Each structure stands twice: as structure tokens, then as C-alpha cells.
Number of protein chains: 4
Amino acid sequence: MDKKEHELKIIIDPTSGIPYYRQIILQIEMAVADGRMKVGKQLPTVRGLAVDLQVNPNTVVRAYRELEFRGLVTTQHGTGSFISDIEMNMSDVERAQVLSQLVRGFVSQISSYGFTVEDIITYLTDYQEEIGL
Amino acid sequence: MDKKEHELKIIIDPTSGIPYYRQIILQIEMAVADGRMKVGKQLPTVRGLAVDLQVNPNTVVRAYRELEFRGLVTTQHGTGSFISDIEMNMSDVERAQVLSQLVRGFVSQISSYGFTVEDIITYLTDYQEEIGL
Amino acid sequence: MDKKEHELKIIIDPTSGIPYYRQIILQIEMAVADGRMKVGKQLPTVRGLAVDLQVNPNTVVRAYRELEFRGLVTTQHGTGSFISDIEMNMSDVERAQVLSQLVRGFVSQISSYGFTVEDIITYLTDYQEEIGL
Amino acid sequence: MDKKEHELKIIIDPTSGIPYYRQIILQIEMAVADGRMKVGKQLPTVRGLAVDLQVNPNTVVRAYRELEFRGLVTTQHGTGSFISDIEMNMSDVERAQVLSQLVRGFVSQISSYGFTVEDIITYLTDYQEEIGL
DNA sequence: GTGGTCTAGACCACC
DNA sequence: GTGGTCTAGACCACG
């Protein structure tokens, strides 16, 4: 078994209309969500990732900054950026605030498709049972 | 007891983060989808709607143009804009698919922050009341 | 009495060692704190302020972005940036989170001078009485 | 009951946001200020301290160099670094002035977000316990 | 080597 | 006109 089969592999789609820095954020969030990136693990360096993705280093910086703001990532100057342990580093209040921002962003997104908060709640309730199986 | 007495009541929310022209598009789409606007019916004039909504006429123009591009609306120069008879609306099934994709993506995202579906539902329920104010 | 005697007058000190964008943030915060900027008032445009301060527009963008993240400022694409009504737009949870971030930043700052949280609490308690006079 | 049994115990907090070399400087300054380190006493060797703190030797070098620049420390090539007899430490009065300036500035800042001195005190008291863990 | 800040200037989206 | 994103590349701070 190759321990590296599920490493962090970010892919930028220039045609998606989604800003590059957001694509980076989303894919790092997903990597954490599905366990490919674990607490304490170092993220690619800013410059390294920029070269990989063929984007400007500043674009990566911006993505990392936003992740740090949200508490998902910790940056140590001169050392690198790491996945932080949110549960440990954030108070309940802070976690609630992150949830709030994420949900509001999502609501804004779905309403641009004409869906309502009601629709999501209904869907999620069903989804929850589905997962619970 | 006429359920259609308010045929087309568009409301712009400047704080939603959704572009004005999109808000107009969405609400016209929804009006068509739920039967408040029917094929052949005339839309408000660009200037009239702009005054109503207190937005720049160009914003309304843009919304109508995009609707025309999608085939939902036909513009007759010098006469006005009308709902065209092309069936461009998403079916319920399609809408459900889109919702599903969006919500699952979001659930994946928030789980990277250690939140659960339960957390979202709770938050949304509160949020819904807050908006309802 | 000239109504404009106390307008927003931002001054960048290139020798202070404080990043320009932080200097902008701090001075806008102060302007709001002392009433020179009020809720709903429009901030200088990004480009306008950049020219005024003789800094790059991106530097102003960054300052405004951070203020928006903190909830002090609301940006409307294509229209401008405005002082937002924090009390209205933020939930208790969100306000608590902003407080948390501000205080933690301050603690980090003062500990670089060798002061402790204890020192601040002591000072603030005295200060509070002083103000209360 | 020797109060000085732990003459110089430096602790690096990687999460504080304060540069390592500053943390070293501050703790040496404080050790001098409260009498744990006296004039003429030898500081730990660069390499020894680097190993102790698990930091890069260059980081210790930098801290010592800055202390030497300030006159607090004298380095004798091939022999070691020593506390010099120049009185560079802030008096209590000076420290109080600095604290005052910092705190008042911060109070002004947070008031732009609608927070009160009371809010900070409450938060700090909680925070203090949290850190104390 | 790492990340942080800033500039100059381009191009896009929204009003 | 407004703000938003991105690039190219420089210089600084930290380890």
C-alpha cells in the first residue's frame, strides 16, 4: 500500500469562473474533510504550490490567509503553513462564527439558483437520515 | 381570493451579495416557474421597473438581455418584453439534482471545520427566523 | 462652523514599520470610534484613496477587505464601500468573534512589550473607573 | 526556599504570533528586570539555548545580537555573552506609560465596533483561564 | 529556505 | 464610474 496514494492534489480550472484562490480554499477544505490532510500536516509552500498550479504566489498567499482567518490553517512565519486543530484552537464562540460565515455564504450561493433556506433545511433533514443509515 | 393578484413583485436586497441583475432574473424565473407570469405576458418596461426598484435602468436592461439570451423572454423593439413560450425552466427533477449537488458539496466543506449536518440545520432554522424579521 | 473640519484624513507613515494596509484599517477604525465616520457613510473609493495616500490600489483593497471581514464595512460591488451598522448586521455570536479576534491580536501585541493579560485587566479596571467619573 | 533556583527559564510559544527571537529577548529582559539575571552573569551559550528551546541557533544569535545592540548584553568573543551593567531597563513609570498608551489605543479601536471596556475585561478574564490550561 | 508586504498594471464584473 | 481578481516581480522578516 502506497501511503501517498491520496495526497493533496489541487487542480485549478481556469474556465470555471470561480476565482483561483477560492478553488484552492475549497480543495484544501475538501482534503481536510476527507482525511487526506490531517491536523498538523504541512501544506505545500506558497511558492511551491504557485509553481505547481502555475498561478501567481500572491494567489496562493491569499487562499492561505483566508484559511488562516477561518482557523483551518496556522501559519508560522519562516516555517510554513499547517493544518490547525480547530477543535483545540477555537472557542465555541469562534467556531460558531465560522459556521455562521460559511452558512451565510452558502445561502447566498443557493439563492442565486432560486432555492430558499427552507429548501436546504428540507434537503438536509432527508440527507441526514440517508447518512444515518 | 385571487392568488395571483400580485403578479410580479420584485424585491431587491442590496445586502444579499447577489448582483441586482441576478436578483431580477431569479425572481422573474421564479414567477414564470410558479405560474405568476405566463407565456406571452408583457414584462414591466425597463424604465418602469428601474424606477420601481430604484436601480439603474442599465441593471434592468442587463437582466432582460440575459433572460432573452436564455430564451425565456422575447423583446420586441418599440413594444416591450414578453415571456416567450420556449420551455426553459428546470423541471423539478433537475432542480432537485442541482440542490443535491450544492448541498452535498457544502456539507463536505463544513465537515472540514468539524461541523455536522445537525449544526447546519440548527443554524439555518435560527437564521430563517432572523431573516423573517 | 465648517461641517468638514473633521473628515476622514488618513496619513500613512512609511517609517513606522506598520504595514500600510494596517495603518489604513486602524485609522478608519478610529474615525468610526470618534464619530468622524458614521454608519452608512461612504468610504473613499479604492482608487481615490490609493491616489491620495500614494499607495497601490491593492493595498487599499486589502484594508477594505479586512474591515469587511470584521463587519465594520460593507461593500457593494460597483457602488462603493460603506460603514456598516455592526449592531444591526451581526449576531451576538459574530460580534463575540470579532471581539475575540481583536482582543487576541491586542494581547499578542502587548506581550511583545512584556506585559501580561493580568496587567491589562488591572489597567482597564482602573481606566474604567476613570472614565466613569 | 531559594526564589532564584530557576534562574533563567525561557519558554517559546510557537502559537503566540510573536517571533521566537523576540520571545527570547523579552524573557531575558524580564529576567534582568526582576533580578533573576544580574550584571556580569553569563547567559546560556547560543548552541546550548538553541538545543534547549529547540529553535534554530540563528534565532538565538539574533536575539543576543539585538540585546547587545541595546546594551543589555555584552558578548566576548570566544568566552560567551554576559549581562552588561548599563541600565537599559524601563522604569516602572515608563512601563506604565507604555501600557497606558497601548491600552487606550486599543479601547479606541474596539469602541469602533461597539464594544465597551466592560466587554474586554470580561473576555480577558475568560481568556486568562483558557490560557492557564 | 519559509511567509509577508507592496508595486505596477492588466482585465473583468457590476451599477 | 465602482470594486474584484490576477500577474510579475521586488524587497523584507523569520528560522
Side-chain angles (χ1 to χ4, degrees), chain A residues 12 14 16-24 42-51 53-66 68 73-82, chain B residues 12 14 17-25 50 53-63 65-66, chain C residues 12 14 16-24 42-51 53-66 68 73-82, chain D residues 12 14 17-24 50 53-63 66:
Chain A
I12 296 296
S16 69
I18 303 170
Y20 293 177
Y21 79 92
R22 283 195 183 284
Q23 294 188 39
I24 295 172
Q42 181 168 1
L43 290 166
T45 66
V46 168
R47 287 171 172 84
L49 187 54
V51 171
L53 304 181
Q54 305 205 59
V55 301
N56 189 286
N58 283 329
T59 304
V60 178
V61 165
R62 180 166 180 183
Y64 281 17
R65 251 190 100 79
E66 199 144 319
E68 191 177 4
V73 159
T74 302
T75 289
Q76 285 180 25
H77 201 133
T79 308
S81 299
F82 304 81
Chain B
I12 297 295
I18 303 169
Y20 294 175
Y21 80 96
R22 270 187 169 286
Q23 295 189 40
I24 296 173
I25 290 172
L53 305 181
Q54 303 203 54
V55 300
N56 190 302
N58 285 330
T59 304
V60 179
V61 167
R62 178 163 183 183
R65 200 190 310 143
E66 194 146 324
Chain C
I12 297 296
S16 70
I18 302 171
Y20 294 177
Y21 78 94
R22 281 194 184 287
Q23 295 188 40
I24 296 172
Q42 181 167 3
L43 290 166
T45 66
V46 168
R47 288 172 173 84
L49 186 55
V51 170
L53 304 181
Q54 304 204 58
V55 300
N56 190 286
N58 282 329
T59 304
V60 178
V61 165
R62 182 167 178 182
Y64 281 18
R65 251 189 99 78
E66 199 144 318
E68 190 176 4
V73 160
T74 302
T75 288
Q76 284 181 25
H77 200 132
T79 309
S81 299
F82 305 81
Chain D
I12 297 295
I18 303 167
Y20 294 176
Y21 80 96
R22 271 187 169 285
Q23 295 189 39
I24 296 172
L53 304 181
Q54 303 203 56
V55 300
N56 191 302
N58 285 329
T59 304
V60 179
V61 167
R62 178 163 183 183
E66 193 145 325

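Any value given below was found using the heavy atoms of this structure, including those in side chains, with hydrogens, waters and symmetry copies removed. Bear in mind the structure is a predicted one, so any value in this text is a computation, not a measurement. Lettering of chains follows the sequences in order, A, B, ..., and the numbering in each one begins at 1.
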Under 4.0 Å from a heavy atom of chain A: give me the 5'-most and 3'-most nucleotides of DNA chain E that qualify. E/dG1 to E/dC6
Go nucleotide by nucleotide along DNA chain F from the 5' end; which of C/H77 and C/N58 gets its closest nucleotide reached first? C/H77
What does B/V55 touch in the nucleic acid at a heavy-atom separation under 4.0 angstrom: a base, only the sugar-phosphate, or nothing? nothing
Heavy atoms under 4.0 Å, any strand shown: does C/R47 hit a base, just sugar-phosphate, or nothing? base
Answer yes or no: is there a side-chain heavy-atom contact under 4.5 Å between A/Q42 and A/Q76? no
Could you point out which residue of A/L53, A/V60, A/T59 forms a side-chain contact (heavy atoms from CB on, under 4.5 Å) with A/Y20? A/T59
Report yes if the side chains of A/L49 and A/Y64 come closer than 4.5 Å at any heavy-atom pair, otherwise no. yes
Take B/Y21 and C/N56, find for each the nucleotide of DNA chain E with the closest heavy atom, and name the residue whose nucleotide sits nearer the 5' end. C/N56
With heavy atoms under 4.0 Å as the rule, sort A/Y64 into base, sugar-phosphate or nothing. nothing
Is there a side-chain contact between A/H77 and D/P19, using heavy atoms and a 4.5 Å cut-off? no
Is there a side-chain contact between C/R65 and A/R65 in this structure, where contact means two heavy atoms from C-beta onward sitting under 4.5 Å apart? no
Mind checking who E/dC14 pairs with, Watson-Crick or G-U wobble, both distances under 3.5 Å? F/dG1
Heavy-atom nearest nucleotide on DNA chain F for A/R22 versus C/T79: which residue maps closer to 5'? C/T79
By salt bridge (Lys or Arg N to Asp or Glu O under 4.0 Å) - contacts of A/E68 (at least two apart): none
